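Values in this document were obtained by computation on a predicted structure and should not be read as measured data. Note: hydrogens, waters and symmetry copies are ignored here, and every other heavy atom, side chains too, is used.
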Amino acid sequence: MDSKSSKSASANAAIDILKLLLSIMVVAVHTVSVMSYSGWFEYAFLFLPQKAAIGCFFAISSYLYFNGGEGKRISSYCLRILYLYIIWHVIYLLIYLPFWATEGRDVSTTIWWYIWNQIILAQSGHLWYLHASIVGMIVFTVMRKVFRCEWIVFSLSALLFAVGLLGDTYSVMNVDLPGGAIYQWYFEYFENMRNGFFFAPIFFWIGYKLSDQTRVSVDNSVEYGVIAVIIMLFEALVISYFGLPKDWTFYCFLPFTALALVELCIYLSWIPLKNTRVLRHLSTLIYLIHPAVIYIFDAELISMPHALSAPLQKFATILFAAGTISMGIYLASGKLNILRRLY
């Protein structure tokens, strides 16, 4: 089959649709516990795709940046993400403060804990993705400037990912390794290795490598994508069987899956869909908003029917609420420009 030219990355409908689907997967992983699944089938086809979402987000973000769809200056990119990071942490602090007060916590102590663990270290919570986007872009850019050789940059990015892999998903295997003591020291100060230093650079390399690719064979994209997903699926099932997962973030074949998905989006950019940029904005808002919706529901501020305690029903409810709020913010931003700073 003949390949077709891609349009500008900023007008890629396939990427907009994929980003929305990935955001939905993230909502799912935060509402549908893996413990709720009855067997390997559910684990493989529900849990695994959700965990692959963040790596794909990094690859898409990198592709859009280096292709020119998100601007050319790294400082502008980092400052824009930093602004989102700070403003959404302020929003979440305002949401959490009343609950902390009613729970009898020392509010000032808890705020300092939040600033250190959540904002500075980005150890937990969904906003770690924004923190990792900044760190990952800086690390990747420094490697490119210093070494000026794509394959050295790739090798270093892959090495960082491998180090994270042995400290995360394959953590049981690092006990007897020479660097085991280093891992032990690391985890005394940090909660996980899912961050911009270890996890993100390989995906930024993928987006960078694909940024000048304008003609892609869909046959090859589908073929590589299917192979990567099948192997990653097998890897996840083996890991689950032996009980190795720690944070379930790192998979050996996740970078290959992200590569195939972004490559496929480049090919499918010829699809004549217009005005899909709204989906890109909605995906960002849904990702940023949904934990607040989950927190409010879990705090029982909103009365939920008993049936919604089931994982899939809860997922549908949270997604609908987050999607509705996100659409409201997006529509209102047409008249209130200040709301555009939320996404």
Side-chain angles (χ1 to χ4, degrees), residues 15 18-19 21-30 34 40 42-64 126 128-133 135-137 139-140 153-174 192-210 220-266 283 287:
I15 283 181
L18 177 60
K19 284 199 68 177
L21 292 176
L22 293 175
S23 292
I24 293 173
M25 290 180 181
V26 173
V27 176
V29 81
H30 289 159
V34 67
W40 281 16
E42 291 87 347
Y43 174 83
F45 292 97
L46 293 177
F47 185 67
L48 178 60
Q50 299 159 9
K51 299 304 290 188
I54 296 300
C56 295
F57 269 137
F58 283 129
I60 290 172
S61 178
S62 175
Y63 170 74
L64 291 174
H126 69 302
W128 76 270
Y129 167 74
L130 298 177
H131 184 282
S133 295
V135 174
M137 175 61 82
V139 170
F140 179 71
V153 175
F154 165 74
S155 299
L156 290 174
S157 300
L159 178 61
L160 289 173
F161 187 84
V163 170
L165 187 75
L166 291 177
D168 188 275
T169 303
Y170 292 89
S171 58
V172 176
M173 299 174 63
N174 68 40
N192 57 63
M193 305 189 78
R194 180 198 61 185
N195 52 47
F197 187 77
F198 294 105
F199 186 70
I202 188 64
F203 298 102
F204 276 93
W205 183 88
I206 289 171
Y208 168 75
K209 192 64 178 176
L210 293 178
N220 289 339
S221 297
V222 172
E223 178 183 344
Y224 295 151
V226 169
I227 292 174
V229 169
I230 289 176
I231 296 177
M232 190 172 73
L233 177 60
F234 176 76
E235 176 190 7
L237 293 176
V238 171
I239 290 171
S240 179
Y241 177 79
F242 287 103
L244 292 181
K246 180 177 183 179
D247 190 59
W248 301 300
T249 301
F250 289 79
Y251 290 98
C252 289
F253 285 88
L254 175 55
F256 297 98
T257 301
L259 172 67
L261 285 175
V262 177
E263 193 175 53
L264 184 58
C265 284
I266 295 172
S283 70
Y287 179 87

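A heavy-atom distance below 4.5 Å is not found between the side chains of Lys209 and Leu259. Side-chain contact between Cys252 and Leu165 is present, with at least one heavy-atom pair separated by less than 4.5 Å. Looking at Ser61 and Tyr129, their side chains come closer than 4.5 Å, going by heavy atoms from C-beta outward.
Aromatic ring pairs are classed by plane angle as parallel below 30°, tilted from 30° to 60° and perpendicular above 60°; the pair Phe250 and Phe199 is perpendicular. Taking the six-membered ring where tryptophan is involved, the planes of Phe58 and Phe204 are tilted, since the angle between them lies from 30° to 60°. Ring geometry for His126 versus Tyr287: interplanar angle of 30 to 60°, hence tilted.
The nearest pair of heavy atoms linking Gly196 to Pro201 is O-CD, 3.1 Å. Nearest heavy-atom pair, Leu254 versus Met232, reported as atom, atom and distance to 0.1 Å: CA-SD, 3.4 Å. Closest heavy-atom contact between Phe203 and Gly55: CD2-O, 3.2 Å. What you find for Lys19 and Ser283 is that their closest heavy atoms are O-CB, 3.4 Å. Nearest heavy atom pair, residue Ala132 against residue Ala200, reads O-CB, 4.0 Å. A pairwise comparison of heavy atoms in Ile202 and Phe161 identifies CG2-CD1, 3.6 Å as the closest pair.
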Original post:
For Ser23 and Phe57, what are the C-alpha separation, side-chain angles and deciding distance, and is it a side-chain contact (heavy atoms from CB on, under 4.5 Å)?
Top reply: CA-CA 9 Å; Ser23 292; Phe57 269 137; 3.5 Å; yes
**OP:** For Ile60 and Leu22, run side-chain contact (heavy atoms from CB on, under 4.5 Å): C-alpha distance rounded to whole Å, both residues' side-chain angles, the deciding distance at 0.1 Å, then the answer.
**Re:** CA-CA 11 Å; Ile60 290 172; Leu22 293 175; 3.9 Å; yes
Subject >> Asn195 and His131: CA distance, side-chain angles, deciding distance, side-chain contact (heavy atoms from CB on, under 4.5 Å) verdict >> reply: CA-CA 8 Å; Asn195 52 47; His131 184 282; 5.8 Å; no
Original post:
Ile15 and Tyr63: side-chain contact (heavy atoms from CB on, under 4.5 Å), yes or no, with the steps?
Top reply: CA-CA 10 Å; Ile15 283 181; Tyr63 170 74; 3.4 Å; yes
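Note that the CZ atom of Phe154 and the CG atom of Leu159 stand 11.0 Å from one another [nearest 0.5 Å]. To the nearest 0.5 Å, atom CE of residue Met25 and atom CG of residue Leu18 are 7.5 Å apart. Atom OH of Tyr251 sits about 10.0 Å away from atom CG of Leu233, to the nearest 0.5 Å. Put simply, CG on Leu166 and CZ on Phe198 are 11.0 Å apart, with the number rounded to the nearest 0.5 Å. One distance of note links CH2 of Trp128 with CD1 of Ile54; it measures 5.5 Å at 0.5 Å rounding.
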